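Reckoned from all heavy atoms, side chains included, excluding hydrogens, waters and symmetry mates. The chains referred to below are lettered A, B, ... by the order of the sequence lines, with proteins before strands, and numbering in each begins at 1. Only a predicted model underlies this, so the values are computations on that prediction, with no experimental measurement involved.
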Amino acid sequence: MDYRYGFSMPEKAVFKTRKGLDEQVVNEISRIKKEPPWMTKFRLKAYRIFQKKALPGWGGDLSKINFEEIYYYLKPTFSRASSWEELPEEIKKTYDIIGVPQAEKKFLAGVSAQYESEVVYESINKKLRKLGVIFCDMDTALQKYPKIVKQYFGTLIPPHDNKFAALNSAVWSGGSFVYVPQGIKVDLPLQAYFRINAERFGQFERTLIIAEEGSDVHYIEGCTAPIYTTDSLHAAVVEIFVKKNARVRYTTVQNWSTNVYNLVTKRARAESHALMEWIDCNIGSKLTMKYPSVYLYGEGARGEVLSIAFAGRNQLQDAGAKMLHFAPNTSSRIVSKSISKDGGRTSYRGLVQVMPGAKNSSVYVSCDALIIDEKSRSDTYPYMKIKESETEIQHEATVEKLGDEKLFYLMARGLKKVDAEGLLVNGFIEPVAREIPLEYSIELNRLINLEMSGSVG
Amino acid sequence: MLKLQSLSVSINGKQILHKIDFEFAKGKIYAIMGPNGSGKSTLAYTIMGHPTYKLAKNSKIFYNGQEITPLPANERAEKGIFLSYQTPLSLAGVKVNQLLQLALSGKKDPLFIRRQALKIAKQLRINEDLLNRSLNEGASGGERKKMEVLQAAVLDKELMIFDEIDTGVDVDALKSIAAYLRRFQKDKAYIIITHYNRILHYLKPHFVVIMDKGKIVRVGDRQLAKQVEKSGYGEMGS
């Protein structure tokens, strides 16, 4: 047990670093994890960058985040103070309505159902391992595959990229490591749905995916239910390397509780004729700032970001995408669907940059906003920096209101108002939702229906 | 079956219907005719409970003896009323099967609904693709009208109002719609709002109701429709 490394409680050990952050805390995290010296150095350097970096000047209000009030490393065991009963009312209600079994409820409250997920995880792992595929948590990867990790870690999103990338680099814990060897196509998605270790290690997970030449993998993260974290800050970093002719699809279906600042840096590097697809669905959180990006480095590389954002009361979803074209014949496609309700606010913020020489590239951007009521709001910030004249660009943006006529039409057919609203909203996101595996899209539909019926929050 | 009592209706303060008293009976087909702006569609929407249409204080609507005036549209549908749109809306990302399943959830098995929709689609010569596409998106006027009839058939209500089911529809489609409606007419009441006599050749009304300036000005049998065809509404005035 880890209690010998520090603070411990009677019987069931809980380890956490003390509140706030300094070099000692960073050192402590690295020491507990028995990391190689290079990682300790990397963390410390990142911490110094974090201290110097200013908060982002766009998006939502981040000034209320008190970095001194946060526990940066927290390892709860089953005696974690938050029992099922202690979960916020809205999360409990959601689970009750969705009908997650009691075992899973306990599990999310930090009770040790994690062994069951380890078993499932291992059995998948065995099949994949034969093919040379690696799928494990990031801490394990650092211990078992230090060479590969060192080669890629922090190279696509260096600590100085932004304040929260620096913070993550300093205190990261958990996350997934995926390595797919040359030519291997992983048929079934890798699911981080039951990946509880990463959760209990805190909110600063770090994911690294490497898809070698001609390989193919689909990774799905998060749950469709709120992921409960005691702290209110989630700052993950995801780096993906898509080699020549490889394809990576990364699907996120996330529903955070509404006290979470969700500030995530996600980036992929696509080599020639590679395809990177981000499918990003954000329902919960207090504030999300997330712009999955694809750096199209190789000729003929393709990048896609399909996203859905839902903002309810007191929520701001500042989400979008970044596509950087560095090579000829590259193409990018951004499809964004946002919904705001009960005074919620959604913003599409996107950057598409075509570098000189990236000839014959094509860019497609489509952002649609659906505003449910008068109190809600939606904004669009599409930035295009096109430095190459031989580029084909298509940009479409629509803002619509949930029409009274459509509602009446459905109600006249016998649908209750909430069902009618849910059907229309789900219809609105359908072009993106259909890209998500069925079980997740069903959950997504149900969550949206829950949000629409106002039975949550 | 459906009783309108002193029905006065206004939109944005402008009165459209004036003290209409009428009763529609089970097993009968009614044709409502009248010039543009006479209040035919307003009457249809009002029966269905559209919130834009405001009823005067003492206006009442009864369905099978129960007052439904304060009920929202879905509860009126629940009681047995169906309205087929003059201009059916298109709904992005919404398939007709989803709509039907939600409308009938808890009442009919989803698989049964799906099968029935397919069966009726065949009878109405609706292309099967339309069932799996966004409702009415990119569909022609005729296809949209047939989709309305398909919904009417699956939802199987007692009182069905068809607002200009015959406009934008070719003869073949009109025939298949009329034939379909005829078959199930016995226990139902149909209210056919129309400009033309055309559909009335295929679907013979028991009563022809002429509206003008927000009032019912004449009620007669099928001969009345023929008379309208011959000499217009000019002579109908109360």
Side-chain angles (χ1 to χ4, degrees), chain A residues 281 306-308 310 335-339 366-373 396-436 438 441-442 444-446 448-450 452-453, chain B residues 44-53 71-108 113 132-137 144 147-148 150-157 159-161 163:
Chain A
C281 310
L306 310 179
S307 66
I308 295 169
F310 188 109
V335 178
S336 155
K337 296 268 181 182
S338 74
I339 301 135
S366 157
C367 33
D368 301 323
L370 181 64
I371 301 173
I372 306 292
D373 48 44
E396 296 161 11
T398 67
V399 180
E400 58 177 295
K401 291 194 169 140
L402 196 66
D404 287 341
E405 283 311 315
K406 287 179 181 173
L407 271 183
F408 177 74
Y409 182 82
L410 290 172
M411 286 176 73
R413 299 288 136 101
L415 275 72
K416 290 189 196 84
K417 190 169 184 232
V418 285
D419 289 340
E421 286 176 338
L423 190 62
L424 291 173
V425 172
N426 280 314
F428 172 76
I429 62 166
E430 194 270 343
V432 174
R434 70 166 165 235
E435 296 293 331
I436 302 167
L438 191 64
S441 66
I442 289 171
L444 184 68
N445 280 4
R446 286 164 85 178
I448 292 224
N449 285 337
L450 276 181
M452 290 308 296
S453 69
Chain B
Y45 279 119
T46 303
I47 293 169
M48 199 68 243
H50 196 295
T52 308
Y53 298 81
L71 299 185
N74 58 310
E75 288 178 39
R76 295 182 192 210
E78 197 86 347
K79 295 224 179 276
I81 304 175
F82 179 88
L83 169 62
S84 162
Y85 267 53
Q86 186 178 43
T87 318
L89 305 181
S90 71
L91 302 176
V94 178
K95 291 172 192 161
V96 73
N97 274 325
Q98 290 177 303
L99 185 161
L100 293 170
Q101 275 166 26
L102 269 176
L104 295 169
S105 68
K107 293 184 205 94
K108 278 181 186 167
I113 296 168
N132 300 312
R133 282 216 312 247
S134 293
L135 181 63
N136 293 333
E137 254 190 358
R144 287 175 186 230
M147 287 300 269
E148 294 287 281
L150 179 136
Q151 291 174 58
V154 176
L155 296 172
D156 192 30
K157 304 294 182 191
L159 176 87
M160 300 198 189
I161 308 165
D163 193 358

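Nearest approach of A/Phe408 to B/Ala73, heavy atoms of both residues: CE1-CB, 3.5 Å. When all heavy atoms of B/Ala103 and A/Leu415 are compared, the pair lying nearest together is CB-CD1, 3.5 Å. Considering all non-hydrogen atoms of both residues, B/Ala77 and A/Ala412 come closest at CB-O, 3.4 Å.
Residue B/Leu100 does not touch chain A at all, counting heavy-atom pairs closer than 4.5 Å. Looking at B/Leu155, the atoms closer than 4.5 Å to chain A (heavy atoms on both sides) all sit in the side chain, from C-beta outward.
Chain B forms more heavy-atom pairs under 4.5 Å with one residue of A/Gly422, A/Gly414, A/Ala433 than with any other, namely A/Gly414. Most heavy-atom pairs under 4.5 Å with chain A, from the set B/Leu102, B/Leu104, B/Leu83: that is B/Leu102.
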Counting distance alone, with no hydrogens or angles, which donor-acceptor pairs between chain A and chain B are under 3.5 Å?
residue: A/Glu405; atom: OE1; partner: B/His50; partner atom: NE2; Å: 3.3
residue: A/Glu405; atom: OE2; partner: B/His50; partner atom: NE2; Å: 2.9
residue: A/Tyr409; atom: OH; partner: B/Glu148; partner atom: OE2; Å: 2.4
residue: A/Tyr409; atom: OH; partner: B/Gln151; partner atom: NE2; Å: 3.4
residue: A/Met411; atom: O; partner: B/Asn74; partner atom: N; Å: 3.3
residue: A/Arg413; atom: NH1; partner: B/Glu148; partner atom: OE2; Å: 3.1
residue: A/Arg413; atom: NH1; partner: B/Gln151; partner atom: OE1; Å: 2.6
residue: A/Arg413; atom: NH2; partner: B/Leu83; partner atom: O; Å: 2.5
residue: A/Arg413; atom: NH2; partner: B/Glu148; partner atom: OE1; Å: 2.8

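Within the 4.5 Å cutoff, side-chain heavy atoms of A/Leu410 are placed close to those of B/Leu91.
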